[in-house]
Amino acid sequence: MTQAPDIEYEMPKAYDPGTVEQKWYKFWLEKGYFTPKIDPEKKPFVIIMPPPNVTGELHLGHALTATLEDIMVRWHRMRGEPTLWLPGIDHAGIAAQVVVEQLLAREGIDRHQLGRDKFQERIKQWAEKCRRTIAEQHQRLGASCDWSREQFTLDEGPSRAVRTAFVRLYEKGLIYRGERIINWCPRCATALSDLEVDHKELAGHLYYVRYPLADGNQFITVATTRPETILGDTAVAVNPKDERFQAMIGKKVILPAVNRVIPIIADEAVDPAFGTGAVKITPAHDPVDFEVAQRHGLPLVNILNPDATMNENAGPYAGLDRFACRKAILSDLEKEGLLVKIEPYTHSVGHCDRCQTVVEPIASKQWFIKTQPLAKPAIDAVTSGRITIIPRRFTKVYLNWMENIRDWCISRQLWWGHRIPVWYCRECGELTVTIEDARVCSHCGSANIEQDPDVLDTWFSSALWTHSTLGWPSNTEELGYFYPTSVMETGYDIIFFWVARMIMMGLEDTDDIPFHTVYLHGLVRDEKGEKMSKIKGNVLNPIDTLEKYGTDALRLALSMGTSPGNDIKLTPSRLEAGRNFANKLWNATRLVVRSIEADWTGREIQWDLLSTEDRWILSRLSRTISTVTSLMDDFQFGEAQRQIHDFLWGEFCDWYIEFAKIRLRDGGGVLSPILVLVYVLETSLRLLHPYMPFVTEELWQSLKRHLSSDWQVSESIMVAPYPEADDKAVDPGAERVMESVIEIIRSIRNARAQHKVESGHWIEAQIYSKQLAAAIIPYSQTIQTLARARPVTFPDSKQEAPPREKALVMVLKESEVIIPMESMVDLEAERKRLQGEIGKSQAEVARLGATLRDKAFLTKAPAAVIDKERQKLNTLTDKLERLKQQLTRLQT
Ligand SMILES: [Zn+2]
Ligand SMILES: [Zn+2]
């Protein structure tokens, strides 16, 4: 049996997050609190963690994800729901391969030298190290996920799910292999999906090139941004309605540079307004041209090697890099007089989102998912309300993408990932597609077969993540109990990459939605609101940050003001606020713990004996609990946090504890506040626990340590019940009285501050309150102590009040506070001070007046200078008037 870690009997003076955090995380882990028990009687709460890429360390975006998910998970767990938060890691196919290739490059090794198996071995070792780092970092963030169920996308279970899903889709005709235009990254040497391409508006050129007609000496001029692709043209096209080219349709032209004869065709897709109205058709290197070629039966001519050098189809340019080829061909065209003109032209250029290389559209044989049949149920799931997207505005974004979805290219020319489960037969040419590794061809039985060398897009396995992690395709107890999951919490930037595809594949594989709610959080930005990036140097590392401020402070700063879909700014002042709050709670608890030792009387609150301030704080606590609960139900975690913070700091620490200190000091006949202190503190710590798990556990355990053993049955705050509002405790009468008392104290304190009254000096206060006087009078001692006011009197009528001009009158919500001026300031000294100031001001007024009457000044000085002097005089005259009024008020 694991024992609770040692709690020092004497709480140290200051909170030291480092030691406390490690101690409690270990305790929670050993107790098995993170692993839920399957209880068919109860509805579980389930979050599948978005698996971080194995490529490195956690950044603040991950820390935000972990914080928000941990808040939800701890909250539901405390409410007694079997709660599963399943962690995982993504193998990040292309990104991981890029990183390891770079590591190898430093050793002077190319992956082809190593070969596929050895390269995979290297990447596996490296991934294993990354996995451990990421898990440790999550633990430091306090993430209470079930490590016993941690999954890696390449693990056996998820890999089997990938193969099963592939084979099922293939058998239904929803996966096909075909030649299509795909985005090719020459650096990564792989196909990319449309989502993996960043489109940037770049300043380029539009080149006008003349193609000579095969008969006669006419030309047709086309415009292009990529002149090297001329080498791959198989037609020139015009719009059939374009009058200018009617006579040319059907004729042949001679392709410059390579002298191939190609036809002029007519196609509706041509925009007569672009360039000259005639366009070149390069079907192997442009998606629109590809479709034109399909309609007209034109051949495809691929002119590029996988590394974007020109291939043998480029004739004299073969072997050149694509950009060197562009230069060479332009210079040749110019020599032959075929280059008509060059115009500056801004156009969208696709870049690989992993390595930022310019991608090439290339016709290529790849595997695709036919997405439209999958999109339909995914649209219905959201429009019918079975899946809710928070914030709501993203519903439209989702539906818009789904309704215009294009087939998804899922094959990647990589070595790291799930290899495509397709075997090609060298004997009969047929495909064998199976879940188990194929030994022989399923058509002719030949063993002369070879597996497809490509792997699947990483997002293919991510799309299955909600069900593959729970055991699908096996019908496991976990899948039956925890699926569909409750909330998918992730960044809005991967709504298409991931959320949309999970909905499609979840419905396809399990015939059920993968989750009920999608919660999309924003990005973490720096204090100026800028995106954090390594280039800008404004990146905060979560581990450095939590070492400096404490994990709870980081979590508080990340969840402060957070609301669905909106970006947050992480500033040093927020982190400091988080740290200060932890210290405030620490000090409050120390005080309560010391008081328990002195004054512990029992453990039942006797409600009928309570004083107004006790009933007030209990009422406020109950109201805070119900507000917080409804905010959390509504995913408003930032606002819920603010409510807890303001109650604990602004009401409990600042006021109730101050009131209680007076009672504790006076002792004797008054009812001790200790029971209420303990009750409110203990309940509030539970209320706050999901946000600040470490400091609340430490403080809660300190309380427990000082109270009788049967006081709390739970071993840890994280498995103690979440507070529930108690309607009986709500007491509007007590709230009204205490709000008035607090307002009175505050007004006197403000008056003292305004008039710079020294702290040792006591001032007099008269309080008038028709309705509440009887209830406030018992607090005159409290008001005296906390406002440093003596005497505090409650006169019946204003006849006793000093004349208005000699008093400060403050009109409050339900009362009036009158402070005689002479009690705040030494009248004689104040009069002298005012006279001195009046003298100084008068002299200055006189001097300015003289200047402004001086004709020489008025004629020579610029108007602006004169204006400025006039303004000065006005301000000063005004000040002088006010000083004189103040002095009159003080004259007796
Ligand atoms: Zn790339
Ligand atoms: Zn065969």
Side-chain angles (χ1 to χ4, degrees), residues 53-56 90-106 110-112 119 123 126 167 170-171 177 181-200 202 226 285 287 304-309 321-323 348-364 366 408-417 420-460 462 493-494 497 533-535:
N53 279 350
V54 78
T55 46
D90 194 288
H91 66 281
I94 188 164
Q97 183 159 329
V98 168
V99 174
V100 174
E101 276 173 352
Q102 283 164 353
L103 291 176
L104 287 176
R106 274 186 231 156
D110 180 68
R111 74 179 152 104
H112 298 279
F119 179 71
I123 217 168
W126 167 82
V167 172
Y170 179 80
E171 284 169 357
R177 189 170 184 241
I181 293 284
I182 48 92
N183 306 288
W184 180 264
C185 174
R187 213 250 25 118
C188 299
T190 180
L192 304 172
S193 74
D194 294 340
L195 286 176
E196 288 161 302
V197 177
D198 294 338
H199 290 277
K200 295 182 193 168
L202 292 185
R226 295 183 297 160
H285 299 282
L304 287 172
N305 289 314
D307 63 355
T309 56
D321 171 76
R322 54 183 162 162
F323 298 117
S348 167
V349 179
H351 292 71
C352 170
D353 88 335
R354 289 293 161 204
C355 73
Q356 293 307 313
T357 303
V358 173
V359 301
E360 285 290 337
I362 288 186
S364 169
Q366 302 283 345
W408 173 15
C409 173
I410 50 168
S411 43
R412 297 288 178 275
Q413 289 65 53
L414 302 173
W415 285 352
W416 178 240
I420 292 176
V422 173
W423 285 260
Y424 303 99
C425 178
R426 290 198 192 90
E427 302 290 334
C428 73
E430 293 288 338
L431 307 188
T432 302
V433 182
T434 64
I435 295 171
E436 306 297 337
D437 279 354
R439 300 262 168 268
V440 293
C441 170
S442 60
H443 301 273
C444 71
S446 162
N448 192 7
I449 55 171
E450 187 182 17
Q451 188 173 4
D452 193 299
D454 291 352
V455 300
L456 288 165
D457 181 2
T458 308
W459 295 102
F460 187 92
S462 321
D493 50 338
I494 52 173
F497 272 112
S533 80
K534 279 186 187 150
I535 298 163

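Each ligand, and each atom within it, is numbered from 1 in the order the structure gives. All values reported here derive from a predicted model rather than from experimental measurement. We're numbering straight along the sequence, starting at 1.
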Under a 3.5 Å threshold, yes or no: a donor from one side chain and an acceptor from the other, between S364 and Q366? yes
Tell me, please, if C425 has any N/O/S atom, main chain or side chain, under 2.8 Å from the Zn ion (ligand 2)? yes
Ignoring hydrogens and geometry beyond distance, is a side-chain donor-acceptor pair present between T309 and D307 at under 3.5 Å? yes
Need one value: angle at the Zn ion (ligand 2), C428 atom SG versus C444 atom SG, rounded to 10 degrees. 110°
Gap separating the CZ atom of R322 from the NE2 atom of H285, nearest 0.5 angstrom: 11.5 Å
Using modelled atom types and a 3.5 Å cut-off, is there a donor and acceptor pairing between side-chain atoms of R412 and backbone atoms of L192? no
For N183, which of I362, D194, L195 qualifies under side-chain contact (heavy atoms from CB on, under 4.5 Å)? D194
For the residue pair H112 and W415, categorise the inter-ring angle as parallel (less than 30°), tilted (30 to 60°) or perpendicular (more than 60°). perpendicular
So which protein N/O/S atoms does the Zn ion (ligand 1) have within less than 2.8 Å? C185 SG, C188 SG, C352 SG, C355 SG
Distance from W408 atom CH2 to D457 atom CG, nearest 0.5 Å? 5.5 Å
